[in-house]
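Everything numeric here is computed off the predicted structure, so don't read it as measured data. Numbered from 1 within each chain, the chains take letters A, B, ... in sequence-line order.
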Amino acid sequence: MVMTQYGIKYAVHIMTAHFGNLVAKVCETLLRKGPLTLRLLIRFTELTPSQVNNSLLILIQHNCVQAFTDVTEGEFGDAPKDDTLYLALFSNILHRMRFSKFVAIASQKLGQDKNCQELLEGLLQNGRLSMEQLVERAESSGRAGNHPISDVVHDSLFKLLNAHFVERCPAPEPTLSPKVEEPPPRKRGAKAAKISEVPETLEQRLIEAARPVEVLRFSMGDTNPEAEKSEHHSQISGQKRKHDDLEIAQDSGDADGPILWRANYDEFIRCLRHKACIEHVRSQFDDGVVNVLSAILEATRSSEKIVKTEITVPLSLDNIYEEVMKNEVGRSMTLDRVEASLAALGCPGMDDYKINLRRIIEQAQTDEVESIVLKRYGRDAYRMFRFLSKTGGLVETEKISDSSFVDKNEAPKILYRLWKDEYLYMEKVALTVPRHSLCLLWRVDRYNLWEHVLDEMYHASLNLQLRLAHEIEENKELLSLPKDNNNKPLVKKMHHFENVRNLLRSSLVKLDDALMLFHDF
Amino acid sequence: MRKSEGPSSLKRKRPDLGTKNSSGGALIGQEKVLYDLICSKQSMGICTFDMKRETKFAESVVTKSLKSLQTKGLIKIVQHYQNKGKKFYLSNDFEPAKELTGGNWYRDGELDKDYINTLKQVCARMIQRKKLMTIEGIVESFKQSGAFKVELSREQIEEIVNALVLDNQVMEVKSSGFGEFEFIPIGKICYKYCTQGGGLKGEPKTGAMASIPCGVCPRITYCTPNGIISPATCVYYTKWLDF
């Protein structure tokens, strides 16, 4: 989904809060103007070259900007020109608000491993770190117990890499040719070709081009025996590759200097997507269905190549049952119940069962939009909107009011309000038979509406942040008060402020989930 | 313009015609013309304006004849549901069409919301009790309950169930033939009560956006960080955070 106006404003606000005005200005220029060369960036921002340079370094360090070489064909027989351009990575900027969620996921999946958690936190806070820097950080925190610090860091990193929570940094400056490239050789084979998609946006193309090959991406180092394990892991996941590819990648990638590590946002987003699917199913079905879905997602996780996997890889009933049994709650389920749960999830499979995750996500998105319609425009509007949403096509006013039990005098007014706020699409049709009249047809235009809702959500997130900043500013003196204060009115005020802060923060977290639903899933 | 000239010129002529033909019998003739016209329109009825245009009778004649026909119990007046001032005349032999009344669910030109809500509640309770029902089952339950004096058609019950689906109180599911659908043929549409997703009393779950002031704000398009409407000074926020 595209960046909207408020999306950019929100991203700039995040950057200002985290890195100050200069970096935010550079980032904003890149977000608004698209990829730029250093020269143009300096001209547009009207900052000094060193200021722009430093800002770019910060942005690259924190994975918010990716540099690339753009090869343009020379005119009139000249040699091809290559420029270094900088592209702001919008999604990565928004991910900065999700760091606490990422840490929580990692700590849950890795069994509350404190060392892993600390290492991940370090990477999230600092953007990119080398092994040496990671060890230095661990040393300064002094939490290693009896083991040598470097071993502890090594083990933690290995665990995080195995879980794909951490990855090697992408190539610093990949070359992007003007035409859409042929898929790299590693994507040979019918199976891989089916899974891989041609990236749509420049951002996606660039990320794809800069990303180290799968084997290298999650391996500690080429001399390391663990690399073999990791390779074995990715072979299981259906991406067989030859050793030649490894060499190619080393040549093109980070051959110079120490290997830099960073958090793999994709993996966290994938986990959050699974969680969102499960939560949505939980709101509709019983625990049995939830268990079956969780089991399938767990079993097919390693085969997922992209974050937005539409349909899970086929699994047989026996495989699913086996996976369900691993779970404590699942052990009480009979095979019949598992089959019924699969049917409830919309799996018509006879031998192989596949779950359409895209549909679950779409339903969750629809629920979110409908809930806004209900709150903002009332129950009658909610029914009409749902009717139009279900029908899909253009429907005339009278039919809408008839089907949704809304008074025929009220229906046009409500529909007009929804149309005015861009929640509906309207088309006028002039009728000549039986008499001259104007007929209004209405439709839910999903694509535009989703974008509109997303923009409103960015706006709302920005507002929540600004209000939170305002509340903190207003109650600054309360924060400096000692905790054992006996002044009753002051204590009451402090409690109120804390409640306000918690409410705003929790709302932000929830709204961010909804944002991901529309932007990342 | 011309329309106003027409009746006035007729106005002078017609009474003469009437008196010429017979004493009092002419009025019956005009009444008959009007009555035939009204009958020909069947359930759609006709308004006085169209009557005057089609018969070219004077307004007073039309008014008088209509009154007479009404007292004889031959015709009735029906108000248009969208335009209360517009009266339509119908033969007593016909029931007003959907276009005039608004449909089955309209009473006196207004949607009978109380009646519909009662029906919806009864229907929702039926489905809630049985957990899963087919439309035939619901129709049968309505018949057996005998709670309503007027018998509802299958179409009407279907409309009520569909409204419950739109309210998100009831879910439309296809039978898979096993589990809870054991006794229902595969592929048959069934209705299931939303127990969890529906939340309290069928209220759908409030989304993240809908639970903050911006989600329901009618002025969100006018709101800017340092504008007249801004999050720092927003009254909706102040109200929301005042607990």
*Whether over 12 other heavy atoms sit under 6.0 Å from A:E279 CD*: yes
*Part of A:L464 within contact of chain B (heavy atom distance under 4.5 Å)*: both
_Test of understanding: with salt bridge (charged side-chain N to carboxylate O under 4.0 Å, His left out), list the residues that count as partners of B:R125, not counting sequence neighbours._
none
*Of all heavy-atom pairs between A:K510 and B:A208, which one has the smallest distance, and what is that distance?*
O-CB, 3.4 Å
*At a heavy-atom separation under 4.5 Å, does A:V373 approach chain B through its side chain, its backbone, both, or neither?*
neither
*CD1 of A:I372 to OG1 of B:T206: how many Å apart, nearest 0.5 Å?*
11.5 Å
*asked:* Which atoms of A:F385 are under 4.5 Å from chain B, going by heavy atoms: the side chain, the backbone, both sets, or neither?
replied: neither
*How about A:H459 and B:C214: do any of their side-chain heavy atoms sit closer than 4.5 Å?*
no
*asked:* For A:D407 versus B:L111, what's the shortest heavy-atom pair and its separation?
replied: OD2-N, 3.3 Å
*Within a strict 4.5 Å, meaning less than it, do heavy atoms of the B:W240 and A:S507 side chains meet?*
yes
*Side chain to side chain, A:N499 and B:L241, heavy atoms closer than 4.5 Å*: no
*So, the side chain of A:H496 versus the backbone of B:D242: is there a donor-acceptor pair under 3.5 Å, distance only?*
no
*Out of curiosity, A:D367 CG to B:N168 CG, how far, rounded to the nearest 0.5 Å?*
7.0 Å
_A quick test of your reading: do over 12 heavy atoms of other residues, nucleotides or ligands sit less than 6.0 Å from CG of A:N502?_
yes
_Heavy-atom pairs under 4.5 Å with chain B: which of A:E474, A:K9, A:E368 has the most?_
A:E368
*More than 12 heavy atoms of other residues, nucleotides or ligands under 6.0 Å from CG of A:N21: is that the case?*
no
_Heavy-atom pair with the smallest gap, counting every atom of A:E456 and B:I220_ = OE2-CG2, 3.8 Å
*Examine whether an atom of A:D380 lies under 4.5 Å from a heavy atom of chain B, and if so say whether it belongs to the side chain, the backbone or both; otherwise answer neither.*
side chain
*Does atom NZ of B:K174 have more than 12 heavy-atom neighbours, drawn from other residues, nucleotides or ligands, at distances under 6.0 Å?*
no
*asked:* I need the contact set between residues 112-119 of chain B and chain A: heavy-atom distance under 4.5 Å, sorted by residue number.
replied: B:K113, B:I116
*Hey, does A:F405 have a side-chain heavy atom less than 4.5 Å from the side chain of B:N162?*
no
_Quick check on B:I228: does its CD1 atom have over 12 non-hydrogen neighbours (other residues, nucleotides or ligands) under 6.0 Å away?_
no
*Checking heavy atoms, do the side chain of B:T233, its backbone, both or neither come under 4.5 Å from chain A?*
backbone
*Can any side-chain N or O of A:R376 pair as donor or acceptor with the backbone N or O of B:A210 at less than 3.5 Å?*
no
_Report which part of A:E471 has an atom under 4.5 Å of a heavy atom belonging to chain B: side chain, backbone, both, or neither._
side chain
*Pick one of side chain, backbone, both or neither for A:D421, based on which atoms fall under 4.5 Å of a heavy atom in chain B.*
neither
*Do you know the tightest heavy-atom contact between B:E159 and A:D402?*
OE1-O, 4.4 Å
*asked:* Please classify the contact of A:S403 with chain B as side chain, backbone, both or neither, using a heavy-atom distance under 4.5 Å.
replied: backbone
*asked:* Any side-chain to backbone donor/acceptor pair from B:Y106 onto A:K408? Under 3.5 Å, distance only.
replied: yes
*Should the heavy atoms of other residues, nucleotides or ligands under 6.0 Å from CZ of B:F94 be counted, would the total exceed 12?*
yes
*Heavy-atom distance under 4.5 Å to chain A: side chain of B:C217, backbone, both or neither?*
backbone
*Hey, what do you get for CG (A:D513) to CE (B:M209), rounding to the nearest 0.5 Å?*
14.5 Å
_With a 4.5 angstrom heavy-atom cut-off, is it the side chain or the backbone of B:V173 that approaches chain A, or both, or neither?_
neither
*Non-hydrogen atoms of A:K375 and B:V216 that approach each other most closely*: CB-CG1, 3.1 Å
*Decide yes or no for A:K390 and B:L166: does some side-chain heavy atom of the first lie under 4.5 Å from some side-chain heavy atom of the second?*
yes
_Donor-acceptor pair, side chain of A:R383 and main chain of B:A163, under 3.5 angstrom_ = no
*asked:* Testing B:C234, B:P231, B:S230 one by one against A:L466 for a side-chain contact (heavy atoms from CB on, under 4.5 Å), which residue passes?
replied: B:P231
*Among B:S211, B:C223, B:P218, who wins on heavy-atom pairs under 4.5 Å with chain A?*
B:C223
*Heavy-atom closest contact (B:Y237 atom, A:A460 atom, distance)*: OH-O, 4.2 Å
